[in-house]
Structure formats: structure tokens, C-alpha cells
Amino acid sequence: MKNKSNLITIIVFITLVYSLSVLNVFSKDKDFSLNENRYLASKPKVTIKSVFDGQFGKKFEQYINDQFVFRDLWMGSKTSLQIGVKNKDINGVYICDNGYLIEQHLEKDFDNKQFENNINYISEFTNYCKNYIDNKNISVMIVPNAELILEENLPKYAQSFDQNEKIDKVKLNANDVNFIDVRDILKSHKDENIFYKTDHHWTTKGAFLAYEEWCNSVEKTQYTLKRVSSSFRGSLYSKVLYNKAQYDNIDLFLDKTKYTVTYANNGFKSESIYDFDKLKEKDKYQVFFGGNHSEIKINTENKNNKNLLVVKDSFANSFIPFIIKDYENIYILDLRYYKGNVKEYFIQNNVTDIFILYNIINFSNDKNISKLRG
Amino acid sequence: MFLFVFLPSVLLIYYVCPKKFRNLVLFVSSLVFYAWGEPVYIVIMIFSTVFDYFNGLLIEKYRQKGQLKKTKIVLINSIIINLAILFFFKYTDFFINNINLLLSSNIQTLDLALPIGISFYTFQTMSYTIDVYRGEVKAQKNIISFGAFVVLFPQLVAGPIVRYKTIATQLDERKESQEQFANGVHRFIIGLGKKVLLANNIGLVWEQISSYNIETLSTATAWIGAIAFSFQIYFDFSGYSDMAIGLGKMFGFNFLENFNYPYISKSITEFWRRWHISLGTWFKEYVYFPLGGNRGGKAKQIRNIFIVWGLTGFWHGASWNFVVWGLYFAVLLIFEKMFLLKYLERIPSFFSHLYTLIFVLFSWVIFAFDGFSKVVLYFKAMLGFNSLTFDNASIYFVYTNLILFVVLAISSTEILKNLSNTIIEKCLKHSALVVILKNALYIFIFLSSITFLVGDSYNPFLYFRF
């Protein structure tokens, strides 16, 4: 029996190791992981230099790891194991009891220096613009994360950084312009799916509440939402590949106003800001504008001479649909990709209104906001 | 990567080759393994191999001719060169920084990357020439066999430090067997599980806690952090040793044990008999005894203990906190030798366990931090000088990692080993059920470890300073 036992051990081990090795060699390499929404490492080229400085070894390791057979299955199993031993945060995502996945941000993930700098860049920019337009026409909105709005959904005693303190700081520094504080309105509707359960973005509903806050409830808009997908699993799902995660709905606000959207980088024009083809893909949030672009122009039928400049991150993509009807032209810049001079852009386009919208995390960590200096 | 490209290839080539080429296979594959991460530094390793290969031969030749003086010169030369290599790569910047600090001079540091495993293989080659000099082993005639000993990949990066005399005969005449291979597989999987499932996961807790501001850390969180690091370093280090021993067995070697449940010790003296045994033995044999050990009176013994433990600490890294860490143990060991051990044996074992664990825990805090000011702040946090006793963070860490902590605690003791032995021997003998269950368990650990290796980016290497 003892001999047999040894033999079994050896056979099982050898079979496992060799079959996985062989599968790894023969499985076809993938360029892109749909689930993780990122490009995977490809086989590195052997050069004398890369072998000698150790780069080849490192890249090869990354390659093997990224192209490991059944990668998604392994990752999902890891999540199941961790949930099995009652872990509540996995790969920086809190697994919440009511089906919510909420991204974890700790004090150490927060770049305080960059944050302070970004606040200064914003004030410097708005001060410049105040020479040309009224300060009431400059609006700043910093969107809190689900971590704050849905804090009651987090696992008990979970750690997170103090978002309120940070947002207060931005607010204080933006006291000479129109700072739109959306925390209270979002909080009071926290049970109405204002954040996606599996994605870090807010939903169209959440963005609408923020829009109402901006309008100061002067004119309540009639709005109806149309459900275009109920099988969305977003960025946070990708991080954990948790098989019990829920599916999100995507609702869109369909406006009657007629307009043309122009994507500056490729000159593509469209009658709709929605790219419905993206609903067939994994990252369905890209239905808004087809994703992030350096510069987008929207020209509407509303000839009121109001030209809005939006400086934003991806949270604005689901917000902009609500404001299209209010302007003649909307210029949207994403500083992560835009390379031009923003101040000149502001002058050239006869901008009458400015709207700066960032999520608090992006706002604190984005190095590109320095581009506002000119 | 290692598991699914390197290991299967080497195993295949190794067992396909006839016996006389097997050391060559190990030698070459180990060089490939090392070159993977450190392509340039492979030169040092080859130099070290060739150099001490000839030193061994020379020592033996001179001894046969009766020229004892010359044997001594060769030995001293060997030790000096080995230490010089180690010092140059590991400690030069440390000394430059200290001289700069002392004389407020401005000497440029070298900023050399430390060759991985250099502290391990220089110690191994030194043990060889010393043992040949002492006549405890014959010099190795075959440079390939000697090379295989120096660069053997299983223990190359994180030990254990294999002394030549312990595997001298195995190098030339070992018999690989099914039983040994199977044991090796089990041992390897245990090691892998310790490293990937236990150490890495508890390491996340420590990583998070150590990133907090120490001055506002609550007492409970500070203790949880220190406990987490203690578990991390033990399971990481002993996991590597288990993997090395297991791999060794797959290739027919029997390395000596490196860890023996250190956290069940009842004194610091016992702890160091169970922790990193290969390093302790090395220093005992090649430093402590030559200095005179405990012969020559109390004063001399105390001096020797200080020297040995200062060096042991310094071996762990070129930084003052490692020296302090070593001396901290020297002091404890001296106290124990003088009077404490007697009391420890008399009091209930619960208290001697507690005493040992607490002092070991504090030692890891000295070990874990780079600067000494952080160590002091962390001690303060642990001793309750900060305003909070416990906070939400402490509760969160405990309840989300409770199962992990329990598994870690149980695995630190011999309970599981004894339990499985009892079940196997008394109740079931070697019935088919046991075989199936046992293998299923190993497969589970193995597959789980792969999920963490594939799905995780967090895989720290703690010994880059060794």
C-alpha cells in the first residue's frame, strides 16, 4: 500500500504539472482580457540586451502569468476561496452583503500632494477664466465614491479614507465659483441604485440627481429612462471575477433635442452620443460616447449662444446627456488624453460657461490636471 | 513560471540522462535558473565555484605533503576572498553611509544591486574549504559535482545553507527512489501552500497596518500587525525551506531540516535551536566554537555570544536594525544562560511560552522596519502609549482574517502532524481511504496555491537583503 501511495502521488503530481505546462505551451495567446479589460502581456522578444539586463526574464514571467490557461477560472476560484474563509476585501474590492462590489480606497492610496496641487491648478484656471466670464458661470463638481454614499453597505468596520474631509477641502477652495455639492442628494437616494453594483461609476440615475442639484431644482426636468442592457458586469467585477456577482442594468436618458457630436481626434460625426455597439462588449459603460476621448464637440439646435467647456473624467460621460439641451455648443476635454492648451481653447471657442467634473479618486490621483496651467 | 516551465523541463532532462550526467544537468539548469533574474551576477557565482574548488584541492594536496602552514594560508585566503565578495556587494554602501554620517564627508555610494542568494552560497563554499581543512571531508575532485553543490537551485535564493559535509556522499552516489520523490512532492506542496496561501495573505494585513501612521495606530492594531508579520516571516521562510527540501528530495538529496516549529519554544535558547537551524549551526561551527565557545570562562563566553549574534544579525542585512536585532537576542540568551533558564523550566509552561512569544514578537518589529525611529514608535504603539486601545481597524482585521489566524496558529504547532500520524498509524494503517484523502488534500493545497499565484499580483520576496 505504501508503495502504491507513493506511486499515486508521483503520477498525480507529474500529470498535473505536465498537463498544465503543455496546455500553456499550446494554448493560443490572447491579446486582450475581456474580463479584466486590459491588454495581456505577449511573448517577449529575445535580444542580447534584454537577456543580460534581466528584462527578458521579468517579461517572460509576466507573459506566462497573463497567458496562463483558464486564467479567468483560476482567478474566480481564488475569489471563491477567499470568500470561503470570510475575507471581505479582495484585490482592493469590498464584497458587500447586498450584492454590491465597492472599491476600497485607503489613506495610503490617496496622493495628498497631487490632491493639493490639483486644487491649486483648478483655482489658478478658474481665476484666469474669471477675467472673461462671470464666476457664477463656472461650476465645479466633485463626485464622491460609493464608498462614502453607500458606506452602510460596506462590511462592518471596513476601512476607508475620509472622503468628506477631502471634498470639503475642494469646496473651501472653490468658494468663489459655483461648487456643486452632491453628497446630500446622493445620500438621500442611496437605496435607488445610484451606483452600479459591479462598476465603480455612478448610474444614469445618480448622474441625474447630481444634475437636479446643479439646476437647484429651479426647473424640474421631465425625464424618462430607457433600459438598454441588463447584463452589465463592470470594472469591479473584473477585479474579482466573483461568479455570484449580480448583473447591472444600464438605463439611458434619451433627449428630444437634435444635435451633432464630433469626435475631434478622428473627425467622426454622429447624431447620438450613445454608441449602442458597445453594449455588445464587456465594458458596457462605454455606451456613453463610446468611451473616453481627448476632445468632443456637441452642436445643438438650441441657438442660445451659450457655449460650455467641460473638463472631466469618465464620471461625466453619463452626466452630459442631461445638459445637452441647455447649450448651443458643448466642448468636452479629457485631460488624460488632450494635449493642447486649455486656456487658449477656452478663448478660441468663446466659452461662456465652464463645468469641471471629477470623481474624488480620479481628482486626487490624476497628474494631468496640471495641463490646466496652459 | 518556475512551476510550469522550469521544473518540468529540468525533471525530464534529469531523469532521462544517465546517472553520471545528472550533476551536470543540475549544475547547468541551476545556472539558467539564476541567470533568469540575475544574468550578470552569475559571473561571481562561477568564480566562487572555481576558486573554492581549487582551494579544496590545494588544501588536501599540501596536507598530504605535510605542509600544514600552506594549508592554513590557502584556507585564510579562501575565507578572505569569500568574505570580501560578500562585503563588497552587501556592505560597502552601508559603511560608506556610516562614514559619511560620522565624518560628514560625501563619498559616493556604489548603489549595487545585491546578488540574490550571495549570503547563502558564500557561506556554503566557506563551509566546504573549512571542512576540508579540518579533515572532516575529502576534497571534491569533480568540478561539476562541486559546482552542482554551490549553485543547486532549490536552496539557491532563500536557503537552507547546506554544509558540504552533510551532502558530500549524496553528491556522487545518491539513489533517487519513488518514496523519496513522493515525499519530496508532499514537502514541496506543503512549502508552496505555506508561502502562497498563508504567508502572502497574512502579509497583506501587515502591509496595510505598517502603511498606517504609526503615531495614531491603536494598541490592538499594532499587536495584530506584529503578530501578522511574525506569521508572515515564519511561513514565508519555512515555506521556502520546505520547497527547497522537497525539490532536493525529487532529485535524490536529503537536506537537513531548517525549521522545527520555532513558535512552540519555551525559551529564546530553544527558539534559536528551532529557527533557521542551518544558519545557527553554521555560526556555531565556524564562529562560536573557533572563538572558544563556552570554554574559557563566563566573560569569554559572553563576549563570544555577542560576537556571534551581532554577526548573525548583520548577516540578515546591511542595516543597523539587523545588528540591534542580533544583539537583542544575544542579551536574552546571556540572561537565559546565567539564570533565566532555570526559572523558565520551573514555571508552568504556559508562562514560558508566553515569555518566548512576546520577546520574539518584539524582535520581529526591530526586524521589520528600516529605520530605528519607526521601531521605537511601533514599540510605543504596542505598549499603549498611543491614545487608542482599539479601533474599527482592529476589529475588521480580526474578523475578516479569523480563519486565517486560526489556521496559522494551528500550523505553527505540531498538532496537525501528530494528529495525522495518530490517525494513520492507529486507526487506519495504510488503507486506501487514507491514501485517497491524503492525496486529495495535497492536490487541493496545490491547486489553491496556483489560483493565488495566477490571480494575485502580491508575491513579496522578503530575502532580497540577505
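Residue numbers start from 1 in every chain, and the chains themselves are labelled A, B, ... in the order their sequence lines are given, proteins ahead of strands.
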Working to the nearest 0.5 Å, report the span between [atom1] of [X] and [atom2] of [Y].
X	Y	atom1	atom2	result
B:Asn183	A:Thr9	CG	OG1	8.5 Å
A:Lys108	B:Glu207	NZ	CD	5.0 Å
B:His186	A:Ile10	NE2	CD1	9.0 Å
B:Ile450	A:Lys78	CD1	NZ	14.5 Å
B:Phe6	A:Ser21	CZ	OG	13.0 Å
A:Ile8	B:Asn439	CD1	CG	6.0 Å

Polar side-chain atom of B:Tyr396 near backbone of A:Gln159 as donor-acceptor pair, under 3.5 Å: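 Such a contact is absent between B:Tyr396 side chain and A:Gln159 backbone.
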
Looking only at heavy atoms and a cut-off of under 4.5 Å, which of A:Asn24, A:Leu16, A:Ile14 has the most pairs with chain B?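 When all of A:Asn24, A:Leu16, A:Ile14 are compared, A:Leu16 has the most.
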
Check whether the side chains of A:Asn87 and B:Thr400 place a donor and an acceptor atom closer than 3.5 Å, and report yes or no.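 Side chains of A:Asn87 and B:Thr400: no pair found under 3.5 Å.
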
Between B:Asp391 and A:Tyr157, is there a side-chain donor-acceptor contact under 3.5 Å, judged purely by atom types and distance?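 Side-chain D/A pair, A:Tyr157 to B:Asp391: absent.
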
Exercise: identify the closest heavy-atom pair between B:Ile403 and A:Gly84: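 Nearest heavy atoms, B:Ile403 then A:Gly84: CD1-O, 4.2 Å.
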
Using side-chain heavy atoms (C-beta onward) and a distance below 4.5 Å, is [X] in contact with [Y]?
X	Y	answer
A:Val12	B:Ile443	yes
B:Gln178	A:Leu7	yes
B:Asn201	A:Gln82	yes
A:Val85	B:Leu404	no

Under 4.5 Å from any heavy atom of chain B - which part of [X]:
X	value
A:Val17	both
A:Lys86	both
A:Ile90	neither

Between [X] and chain A, with a heavy-atom cut-off of 4.5 Å, which part of the residue counts as in contact: side chain, backbone, both or neither?
X	answer
B:Tyr212	side chain
B:Leu12	both
B:Leu11	both

Please check if atom [atom1] in [X] has more than 12 non-hydrogen atoms from other residues, nucleotides or ligands closer than 6.0 Å.
X	atom1	result
A:Lys367	NZ	no
B:Tyr14	OH	yes
B:Phe444	CZ	no
A:Lys187	NZ	yes
A:Tyr247	OH	no
A:Asn98	CG	yes
A:Asn112	CG	yes

Evaluation steps, side chain to side chain contact (heavy atoms under 4.5 Å, CB included), between B:Val454 and A:Arg71: CA-CA 7 Å; B:Val454 176; A:Arg71 183 175 161 78; 3.8 Å; yes

Ring centres under 6.0 angstrom apart (B:Phe446, A:Phe13):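 Ring centroids of B:Phe446 and A:Phe13 are less than 6.0 Å from each other.
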
